[in-house]
Every structure is written in structure tokens, then in C-alpha cells.
Amino acid sequence: MQKLVESFIATANACDVEGALSLFAPDAVIDDVSVGDAFVGRAGVRIYFERFFVGYNTASRLLSIETLDDFNANVRLDFTGDFGHEVGILKIAINSEGLIERIDADLE
């Protein structure tokens with residue numbers, strides 16, 4: 001999980017949308033309470049990254065990972081960008097292939 005989270009952060013910080021998409025299952029879901037929407041499938045994940053990471057020049061820094069089991073972790077991130085500064089929680093679930101199948105995101 002640590003390696004996957006680090007790859008997620010690196011690709012997002014590099015605005016590498018294709019690299020970020022490669023970490024997600026085809027039917028992945030990002031449900032972000034802070035923006036009031038869910039983004040479904042790789043097409044939805046692309047929209048999410050383009051809008052909230054690339055569009056806002058977001059830079060993420062890992063604060064902590066709480067591994068719950070082999071498939072689930074709670075990740076705490078520090079976000080900065082054109083919006084200012086926020087701290088967020090990502091509840092990440094991966095599938096048996098090691099791809100992200102769901103992220104439940106919210107801000108503290």
C-alpha cells in the first residue's frame with residue numbers, strides 16, 4: 001500500500017494524468033464529499049484529476065498511512081495549490097490486482 005500511495009502522490013504532483021489513471025481499476029470510484037460528487041470509471045477519475053489536481057495546481061504531501069488490512073488504508077495528505085491549504089483523508093480500497101478500486105475523500 002505504501003508504494004501505491006507514493007506512486008499516486010508522485011503522479012498527481014507531476015500532473016501525470018495517464019500515470020495516475022494506470023493506478024486505478026477500470027471501474028474505480030472516487031467519492032469526494034468535499035466537492036459533493038462521485039467520479040466513476042477511469043473517465044471519471046480523469047475528470048477528477050484534471051479538475052482538482054491539474055486545474056488547481058495541487059501538490060500533495062503524505063502525512064500518514066493507517067493500513068487497515070491488505071486491501072484498505074486511511075491516508076492523510078497535506079494539499080496546497082491555487083485554493084490555499086487543506087488537509088484531507090483518503091480511504092483507499094484496492095483490488096486483488098493491486099489497483100485502486102475506490103477512494104472516499106474528504107477534508108478535515
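We number each residue from 1, following the sequence as shown.
Within 6.0 Å of CZ in Phe83 there are more than 12 heavy atoms belonging to other residues, nucleotides or ligands.
Connection of Val75 to Val29 is not established within any shared hydrophobic cluster, with ILVMFWY side chains joined at heavy-atom distances below 4.5 Å, either directly or through further cluster members. Ile103 and Val33 end up in different hydrophobic clusters when Ile, Leu, Val, Met, Phe, Trp and Tyr side chains are linked at under 4.5 Å. Two different hydrophobic clusters hold Ile47 and Val40 under the rule that ILVMFWY side chains link at heavy-atom gaps under 4.5 Å.
Using a 4.5 Å cut-off on side-chain heavy atoms (C-beta onward), Glu108 and Glu86 make no contact. Counting only heavy atoms from C-beta outward, the side chains of Leu77 and Leu62 approach each other to under 4.5 Å. Contact annotation: the side chain of Phe52 never approaches that of Asp32 to less than 4.5 Å [non-hydrogen atoms, C-beta and beyond].
Remark: side-chain polar atoms of Arg42 are paired, donor with acceptor, to backbone N or O of Phe24 under 3.5 angstrom. With hydrogens and angles ignored, the 3.5 Å screen pairs a side-chain donor or acceptor of Asn13 with a backbone N or O of Ser60.
Interatomic distance, CZ of Phe53 versus CG of Asp16, reported as 13.0 Å (0.5 Å rounding). Atom CD1 in Ile89 sits 11.5 Å away from atom OG in Ser34 (nearest 0.5 Å). Annotation: the span from Glu66 atom CD to Ile92 atom CD1 amounts to 12.5 Å, rounded to 0.5 Å. Asp37 CG to Tyr48 OH: the interatomic distance, rounded to the nearest 0.5 Å, is 10.5 Å. Note that the CG atom of Leu68 and the CG atom of Asn74 stand 4.5 Å from one another [nearest 0.5 Å]. Going from atom CD1 of Ile94 over to atom CG of Leu99 covers 8.5 Å, rounded to the nearest 0.5 Å.
Judged as a side-chain contact (heavy atoms from CB on, under 4.5 Å), and not counting sequence neighbours, the contacts of Asp69 are Phe71, Asn72. Evaluation of the side-chain contact (heavy atoms from CB on, under 4.5 Å) rule for Arg61 yields Leu63, Asp78 as partners, not counting sequence neighbours. Applying the ring pair (Phe, Tyr, Trp, His ring centres under 6.0 Å) rule to Phe79 yields no partners; only residues at least two apart in sequence or on another chain are considered.
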Quiz prompt | Residue pair Phe8, Leu90: steps toward the side chain to side chain contact (heavy atoms under 4.5 Å, CB included) verdict | solution = CA-CA 11 Å; Phe8 173 86; Leu90 304 180; 3.8 Å; yes
Quiz prompt | Worked check of side chain to side chain contact (heavy atoms under 4.5 Å, CB included) between Asp106 and Asp104 | solution = CA-CA 7 Å; Asp106 201 0; Asp104 290 293; over 6 Å; no
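When all heavy atoms of Asn95 and Ala25 are compared, the pair lying nearest together is ND2-CB, 3.6 Å. Of all heavy-atom pairs spanning Ser7 and Leu23, the tightest one is C-CD1, 3.7 Å. For the residue pair Ala28 and Val45, the shortest heavy atom distance occurs at CB-CG2, 4.4 Å.
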